[in-house]
Structures are given as C-alpha cells and as structure tokens.
Amino acid sequence: MHRAWPLLLANVLAVGQLAAAQAGLDVAAVDAFVAAQMRAQGVPGLGLAVVRAGQVVYAQGYGRTGDGASVTPRTRFLVASLSKSFTGLAVLQLAQQGRLDLDAPVRRYLPGFTVADPEVAGRITVRQLLNHRSGLGDAGFRDQRTGFPRSLEGRVAAMARARPVAEPGTEFHYFNANYEVLARLVEVVSGEPFSDYLRAHVFEPLGMEDTESITSSDDLRRGVPGLARGHLLAYGFPVASGEETGFLAGHAGVVTTAADMGRYLAMLAGRGRLGGEQVVPEEALAPVLSPTEGADYAMGWFVGERGGEAMLHHNGILSTFSGDAVLFPERGDGVVLLYDVHSVAQDVAGFPRLKGGVVALLLGEEPSSGGFGVRHWSLVVGALTLLAVALGVLGLVRLPAWERWAGTVPGWRGFVGAVRRLMPLAVFLAMPAIGVATTGRYFGLLTLYRSAIGVMTWLGVAGLLGAVNALVRLGWLLRRG
C-alpha cells in the first residue's frame, strides 16, 4: 500500500494544479514567489490554500516543520487568532436558530458574568464582545500576571478582576478574553462543551477532518496528534521550540490545516455553500459577509477594502505559529497562509509581503517582493547588539577617567552620571508597559523575548552592561563619601 502513496499524491497535486489553471491561477508563479519569500523572511514551513469563486483551487505545503517533517496541505498548525472567526460562527449559528439574541446583555445567558464594575458588566452585549467593543481591554486586565485558568468557566470567573477601559459600545479594543467569554456562552446555550460544539456543528459539516479545538497549553503538553512543531526566530534564523504556556479556547485554540482552512474560506466565499450543499444558512453569515457600514471589526474578522472592494482579513499570532487569512466576499476569492514560526520582525516586514504577494497573484497582479525585509531587520538588530556590547565594555575600560572627572565635580553630577547608565535596563523592564501605552496590548517579558529575540537581547545586553557600569560608579561614589 505504501508504494501507492507517491502516485496518489501526484494525482492529487495534478488535479489541484488543473483546477488552479482552469481558474486562471498561475501555480508556478505562486510557488516561485512563496519559495523566494520564505528564504528572504526566515519562514521554515508554510501551508497555503487559494479559493476562487467559492472553490478551493489550490492547496500546497512548503518547507519543513520544527520536527523535520515536510509540510503538506494536511500538516496541522495552531492558527492562533484565526480561531476567533470559528467562535463567531458558532455564536451566529445559535443566534440564527433563535437560541440567543446578539443585542442582549451577556448576563441573560451567563448570569454570573461580571467585571470590576458590575454595573458596566450588566450593559455589555453579545454583539459588543463579537466586535471587540465591550469596553474591556488589556490595559484593564493583564491576565498574564495571574497564570491562566483550566476551563472557560474559570476564565469567565476571572473576568471579575477586569477593569473597564471605555464605555461598552464606544471604542474598539482588541481583547482576547472577549472571545473566551463567547466560547463559554456557546457552551451554556448549546449545552455542549465548546470543543465538542465546534466539532459537531462546524468542523464535521464542513468536512474539516484534521481540525479540532483545544483548551490550553496543557493539551499541547499531553500531545496533539500530527501538530507541527513551531519555531522562534533568532537574528533571522528559525529555532525549533515548544509553544508558550497559556489559555487558548475561544480566541486561539483551533488546530487545523491549510486544506481544511481552504474549505472553510470556500464556505464563506460561497455564502454558506460548499460542494453544492448549503452547509451553513446564508442568513447566519450575514453579519460577517455584510458588516455594518463603518465597522472595523465584525464577528471575528477585520473589515477593510482593497482597490475599493470589500475585504475581510485576520492574522493569528502565537509564540511559534502565525497565520493570515484574506477573503473578498463579493467575488468569492480568498487565501490562507499558515506559518510554523513567529517573530515581530516577520509581523512587520515578512508576513505582510507574503500575504500581499499571494493576494496580488490571485487577483492577476504583479507581486511586490523587494524592500526592507526580515534579513535586513536581523542585520540591523545584530549590529545594535554588538554596539551595545562595545559601549558597555568601553564604559568599564574608561572607569579610571570617569573617576578623575567625578572627583572634580559636585557629588550630584557624579551621581546623575552613574544613574543615567540604568536607562537601558529601565527601558527593558518597561517594555510590557510601553506595549500597553502604544498598542493597547499587554505582553509579559517572556512573551516579548520569544517574539523579538534580537531586539530584547539588544536591550537586555545594554541594560545589563549599563547596570554593571552604574553599580561600579555608585560604589565608587559611596566609598568617596
């Protein structure tokens, strides 16, 4: 039987290439672009699916996983925040069946739901959770500091510590816990565990045979069959690593493949139809495919446009996995890219170029492949790290000269000169707070280090050597009296 697999795989690829050719997709151009960008952006493994006119016309795997296995269209990835749209779909299904009202307060279905201000909690609606307009945000609930619960019920209970950052319905604040509360709502309204609900009412009807939803990193430690091993990125080089600990259900817990995600996008592109069958009622998808005018986020998707055409899109980020999905509802086209690596450099300079290039090829345009990329970013950060080492060592070498200078000036000037060398360390330690102030998102130091090894190493080295220089100088001042 094993001898038949190469022939079977060749037949599957041939059929996929024929479908792509019939749909006007230049498969050779897609493969060449993806391969070149993977090398340039430090992506070791990638799964791709392309949808045209509501049909999956191409699915392919490139490169290798952290375990050394070749990536195929059926390689399983954690898709991080791409999971939110599945949670949103589950809620919309229940709403379409009349089992919940999107504009009703969450407390109608979860009587125990509350936040630090109970009066505000009573005004938060299901729709506001779906659209990240609940008035809650990372600035008011830095849950990474308190570990993570082992169940959705525990997550909802923990929300009692969440301090509102805005009036419900008035501002957009991307907040993972919104979708954790929604997942618990699905459990209570349906009477089924969240993962079981998704399997029975979403994954199985769509033929997503390799897809499941997990609750937390506890499931990863126990082992998820067939899940690829992901990577961190250190100075442009992928390093195989396990996933960081944390809670995943509702907002980031879906494990799936490029082939299965292609079926999911095809269903959305077909307004609920897949393989000639209406697997999801079209009216249930209306809030997604036809969002309220002016909305920037709807039911698990960012709302935008490209060339005047409506576009739904979302990315997904975990410490060792990433993903991108784009859907053009009016024409029924879309793409999904799953990566077995993550870094901030790739978020900024790598993945947008990959996604944008594949979308351009889908639309018959020429992709852009030049410009400042991840390799350039890594060289700059590497140079800054070496500069930090050189300056730190130079400061120690020049200590005698500093002592002579400090002996000729008022003591406060010597003190200021010593303490200012603590600034790099202060910046390093303040990075989580800086993140909240600039982006509204909270990430702890470990998460930041894993996502930006080069930058955090640069700041850490500068901070450590600066602290050594400062302590030596302060010690000299104390001895001097």
Side-chain angles (χ1 to χ4, degrees), residues 12-27 29-30 47-61 73-74 79 82-86 88-90 92-93 96 198 201-211 254 256-291 298-314 323-338 355-365:
V12 169
L13 292 175
V15 171
Q17 290 171 350
L18 177 61
Q22 291 174 340
L25 180 68
D26 187 341
V27 169
V30 170
L48 168 72
V50 180
V51 172
R52 173 157 282 174
Q55 302 292 325
V56 180
V57 297
Y58 193 52
Q60 184 60 281
R74 295 190 65 177
V79 296
L82 298 185
S83 306
K84 288 182 173 68
S85 67
F86 291 103
L89 176 58
L92 292 177
Q93 286 179 328
Q96 190 271 332
L198 288 185
H201 303 282
V202 178
F203 303 147
E204 289 183 354
L206 295 182
M208 299 175 69
E209 300 176 353
D210 298 319
T211 302
V254 171
T256 188
T257 69
D260 279 3
M261 282 298 294
R263 295 183 64 83
Y264 177 55
L265 281 189
M267 179 276 294
L268 292 173
R271 299 187 173 272
R273 294 185 66 82
L274 184 65
E277 181 181 353
Q278 193 76 36
V279 293
V280 176
E282 183 173 353
E283 54 268 30
L285 298 175
V288 177
L289 301 177
S290 302
M299 316 294 162
W301 291 91
F302 284 97
V303 180
E305 65 173 20
R306 187 183 188 278
E309 183 176 357
M311 178 180 72
L312 302 176
H313 60 101
H314 213 296
D324 278 306
V326 178
L327 179 67
F328 297 94
E330 295 173 4
R331 66 168 67 204
D333 294 352
V335 300
V336 61
L337 300 100
L338 308 180
K355 176 184 70 175
V358 175
V359 168
L361 289 167
L362 170 67
L363 302 180
E365 301 169 359

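In this text the structure is predicted, and so the values were computed from the model without any measurement.
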Which atom pair, heavy atoms only, marks the closest approach of [X] to [Y]?
X	Y	answer
Pro329	Ala310	CD-O, 3.6 Å
Leu265	Gly334	CD1-C, 4.2 Å
Pro287	Leu92	CG-CD2, 3.9 Å
Gly47	Ala258	C-CB, 3.7 Å
Val51	Ala269	CG1-CB, 4.2 Å
Val56	Gly262	CG2-O, 3.2 Å

Let me confirm one number: the [atom1]-[atom2] distance from [X] to [Y], rounded to the nearest 0.5 Å.
X	Y	atom1	atom2	result
Ser290	Arg271	OG	CZ	5.0 Å
Arg263	Asp210	CZ	CG	11.0 Å
Thr257	Met208	OG1	CE	7.0 Å
Met261	Leu338	CE	CG	6.5 Å
Asp260	Glu209	CG	CD	7.5 Å
Glu204	Leu198	CD	CG	11.0 Å

Take the angle between the ring planes of Phe86 and Phe203 and call it parallel below 30°, perpendicular above 60°, tilted in between. perpendicular

What class does the angle between the rings of Trp301 and His314 fall in, given that below 30° is parallel, 30 to 60° is tilted and above 60° is perpendicular? perpendicular

Heavy-atom side-chain contact between Val359 and Phe328 under 4.5 Å: yes

Under 4.5 Å between any side-chain heavy atoms of Leu274 and Leu206, yes or no? yes

Exam field: side chain [X] to backbone [Y], donor-acceptor pair closer than 3.5 Å:
X	Y	value
Glu330	Met311	no
Glu277	Val279	no
Ser85	Leu82	yes

Walk me through whether Leu361 and Asp26 qualify under side chain to side chain contact (heavy atoms under 4.5 Å, CB included). CA-CA 7 Å; Leu361 289 167; Asp26 187 341; 5.8 Å; no

The criterion is side-chain hydrogen bond (donor to acceptor under 3.5 Å, both in side chains); which residues satisfy it with Gln93, sequence neighbours excluded? Tyr197

Let's go through Asp333 and Val326 carefully: what are the C-alpha distance in whole Å and the side-chain angles of both, what is the deciding distance for side chain to side chain contact (heavy atoms under 4.5 Å, CB included) to 0.1 Å, and is it a yes or a no? CA-CA 8 Å; Asp333 294 352; Val326 178; over 6 Å; no

Looking at Met267, Met299, His201, which hits side-chain contact (heavy atoms from CB on, under 4.5 Å) with Leu89? Met267

Write out all pairs satisfying salt bridge (Lys or Arg N to Asp or Glu O under 4.0 Å) with one or both partners inside residues 302-312, taking only residues at least two apart or from two chains. Arg306-Glu365, Glu309-Arg331

Show the numbers, then the answer: is there a side chain to side chain contact (heavy atoms under 4.5 Å, CB included) between Val30 and Leu25? CA-CA 8 Å; Val30 170; Leu25 180 68; 4.0 Å; yes

Report the C-alpha separation of Val358 and Leu48 in whole Å, then their side-chain angles, then the decisive distance to 0.1 Å, and conclude whether the side chain to side chain contact (heavy atoms under 4.5 Å, CB included) test is met. CA-CA 9 Å; Val358 175; Leu48 168 72; 4.0 Å; yes

